[in-house]
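A quick note: this is a predicted structure, and the numbers were derived from the prediction, not measured. Naming: A, B, ... by sequence-line order, numbering from 1 per chain.
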Number of protein chains: 2
Amino acid sequence: MKKKRVTLKDLASELGVAISTVSRALKDHPDIDKVLTKKIKTLAQQRNYIPNPLAMGLLRQQTRVIGVIVPDLATYFFSSIISGIEDELQQAGYYIVISSSKETLEKEIECVYNLLNLRIDGLIVCLAQNSNQTDHFRKVLDHDVPLVFFDRVCLEKEVSTVVVDNVSMAKDITTHFFANGARKIAHITGPKHLNIVQERTEGYLKGLAEVGLPFEKEYLIHTDLSTESAALAIRNLLNLPQRPDALLGVNDTVIFGAMKEIKQCGLAIPDDLLLAGFSDEFHATVVEPNLTSVAHPTHDIGRNAAKLILEQIEEEKAIQKKIVLNTALHIRASSLRQKK
Amino acid sequence: MKKKRVTLKDLASELGVAISTVSRALKDHPDIDKVLTKKIKTLAQQRNYIPNPLAMGLLRQQTRVIGVIVPDLATYFFSSIISGIEDELQQAGYYIVISSSKETLEKEIECVYNLLNLRIDGLIVCLAQNSNQTDHFRKVLDHDVPLVFFDRVCLEKEVSTVVVDNVSMAKDITTHFFANGARKIAHITGPKHLNIVQERTEGYLKGLAEVGLPFEKEYLIHTDLSTESAALAIRNLLNLPQRPDALLGVNDTVIFGAMKEIKQCGLAIPDDLLLAGFSDEFHATVVEPNLTSVAHPTHDIGRNAAKLILEQIEEEKAIQKKIVLNTALHIRASSLRQKK
DNA sequence: CTGAAAGCGCTAACAT
DNA sequence: ATGTTAGCGCTTTCAG
């Protein structure tokens, strides 16, 4: 059904020369006569000749396709990272195939094998929420397919990563809460096995220590990052005899969910509860009050992940690298209060 | 650098049979001896043999890749449509390559040619905001590559589309505004050439007519759909001597922007101004007050678009189809007011 | 029942 | 300076 596109053979027979001559002329091989080269190039232009990537791929054993797996497509965080990846890879002549793991390990595994079967030239991944095994990524490594993780990472000893300094950001927010009068600071976070969860929790604890607040076990809640489990967590917190007066979310989405609950309870933000999140979603400045959040350099995260992949593809020796990018704490109304 | 994957040749030489025998056995060709078939299949399994899609593609002149072009990845509307497309195509054994036109015609054209060069087997598109020419899509048709538009469409005579009934939804919101006391209903919309803009405007006008309100020219504002131009539009509306008391946005994003401006002016929603949008983004229930919006069956839009593509790929005759899906008006606090 | 060979589009080593 | 050929991995006649 699809119309056949013009091939080297077509051009060659039209000009009465050999296929290889056309092939060489098109890449300015010095051996080919200048005049002939010109003629061939003109015809190729006219006929709108584009090399068949399938044929090239078969020959070179590469598809020029990079796989990208994200937990979810619908958040600004991931989609702007993807756009960073795209910007970098496109100008290097690569295509990207995006898959969403929908925050599940099963889907993630499926995506990895699917992409591997497609013979991708590289894979960029942000782990799913419950991704707690690494066999599928081992497989990627076994096939010598370049692999890069960003944000949520694993196998750090062997695989290159692009991350931010979660520890210091979580610490900064915690002390910022304190400076704004909070004395009972809670933290809703995600599954324990995720690096970002561990690091942000560590920062939270460091922050508490720095301002001399005790760590209260019931103020630290692990969720599965779903809206429902975040809502449950916040309800539990609000029902505590000693209700917290500040809440740090492991991301903005968790906080958006929390805001609904908090308002439903008739509590005021920031008067009753200071709020801050991570990743500075677009809607942080749409919700009321505007949400304090850690802005990740999303576009740069994407670009850097892409660069790491390209490096690994081009250079033989795959040296493991870890790139730590700077974030910015955007302080907004949700965390600002008269000091007590 | 990448490790060679096992091929038919590998399997054949390991078993001392011909490549073609292995090939046939793997697809249960009746000619091949049952025992041999079994043996070959077992080995293939063991060696983890996966047919090389590049070789298959070259042979069959197809990539099993479907291109998808959306104006923007970061909105729930598009990402959930994509997930619908993915669900349908994946189980049909197709991969999807997503590109973002970033709402510009230039990028859209670039994406189309890029994907065409990749030799995609089909293309699913939602037009960019300023996509007002069709040469690049003509090219797709020229190459006999199946094409489907959704939501924002063009070339409707020749190309299959998946849309919603924008006219009646816009009319319904307009009369709903009226029922809630609004008498000066404004509409911020997009570029005139877009079908959704024309249709929603038509519905708005029909709604006004139905309730007997006159059409005021200054209440209908065309923007380029950017946050900035929406903000400018709302500021102009608010500064009108006869400030509107209801506002219909061509989408939720426009309304989110408007909400910031309205609040900055010290006006109350819904007391001073009723609000409603299109597409029912996730954040419609996060903003304060919750936003009334038309919920599109996003997942279904995606699935249907994918199905149309598959149909066109499978059947020879590419009959043009238009699928109109039902929407639901989600009425929330932003448009509810005591009647005057 | 199984093997050999051609060909999908392209490149590169090897002729001429 | 240009042509010939082999081969990337696979399917599919055509032979045996």
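- Classification of A/Arg303 and A/Glu86 as a salt-bridged pair fails, no side-chain N sitting under 4.0 Å from a carboxylate O.
- The side chain of A/Val17 sits closest to D/dG3 out of D/dT11, C/dC10, D/dG3.
- Here C/dC8 is the nucleotide among D/dT11, C/dC8, C/dT11 with the atom lying nearest to any side-chain atom of B/Leu58.
- Applying the side-chain contact (heavy atoms from CB on, under 4.5 Å) rule to A/Asn52 yields the partners A/Leu54, A/Ala55, B/Leu58, B/Gln61, B/Arg119; only residues at least two apart in sequence or on another chain are considered.
- A donor atom on one side chain and an acceptor atom on the other are found under 3.5 Å apart for A/Glu108 and A/Ser131.
- Side-chain contact annotation: B/Gln90 with A/Glu110, donor-acceptor N/O pair under 3.5 Å present.
- The side-chain heavy atoms of A/Leu116 and A/His136, taken from C-beta on, include no pair separated by under 4.5 Å.
- At D/dT11, one or more side-chain N or O atoms of B/Ser23 fall inside 4.0 Å of OP1 or OP2 (strictly under the cut-off).
- One can place CD1 of B/Ile19 at 13 Å from C1' of C/dT2, the figure rounded to the nearest angstrom.
- In this model, the phosphate group of C/dC8 is not approached by any side-chain N or O of B/Gln62 to a distance below 4.0 Å at OP1 or OP2.
- Looking at the side chain of B/Lys4, the nearest of the listed nucleotides D/dG7, D/dG9, C/dG3 is D/dG9.
- Among the heavy atoms of the strands lying under 4.0 Å from B/Asp33 are primed sugar atoms or P, OP1, OP2 only; no base atom is included.
- One atom, CG of A/Leu26, and another, C1' of C/dA12, lie 16 Å apart when rounded to the nearest Å.
- Here C/dG3 presents its C1' atom at 12 Å from CG of B/Asp31, a figure rounded to the nearest Å.
- Atom P of nucleotide C/dG9 and atom CD of A/Gln61 are separated by 18 Å, given to the nearest angstrom.
- In this structure, B/Arg60 reaches the sugar-phosphate backbone alone: every heavy-atom distance under 4.0 Å involves primed, P, OP1 or OP2 atoms, never a base.
- Distance A/Lys39 NZ to D/dT2 C1': 13 Å, rounded to the nearest Å.
- Atoms NE2 (B/His29) and P (C/dC1) sit 10 Å apart, rounded to a whole Å.
- Residue A/Leu36 has its side chain nearest to D/dT2 when only C/dC8, D/dT2, C/dG9 are considered.
- Distances were taken from every side-chain heavy atom of A/Ala18 (C-beta onward) to each of C/dC8, D/dT4, C/dG9; the shortest belongs to D/dT4.
- Nearest to the side chain of B/Asn52, among C/dG9, D/dG9, C/dC1, sits D/dG9.
- If you measure from atom CZ of A/Arg119 to atom P of D/dC8, you get 15 Å, rounded to the nearest angstrom.
- Contact between the side-chain N/O atoms of B/Lys9 and the OP1/OP2 oxygens of D/dC8 is found at a separation under 4.0 Å.
- The CG-C1' distance, from A/Asp28 to C/dA12, rounds to 17 Å in whole Å.
- Look at A/Ser20 and you won't find any side-chain N or O under 4.0 angstrom from OP1 or OP2 of D/dG3.
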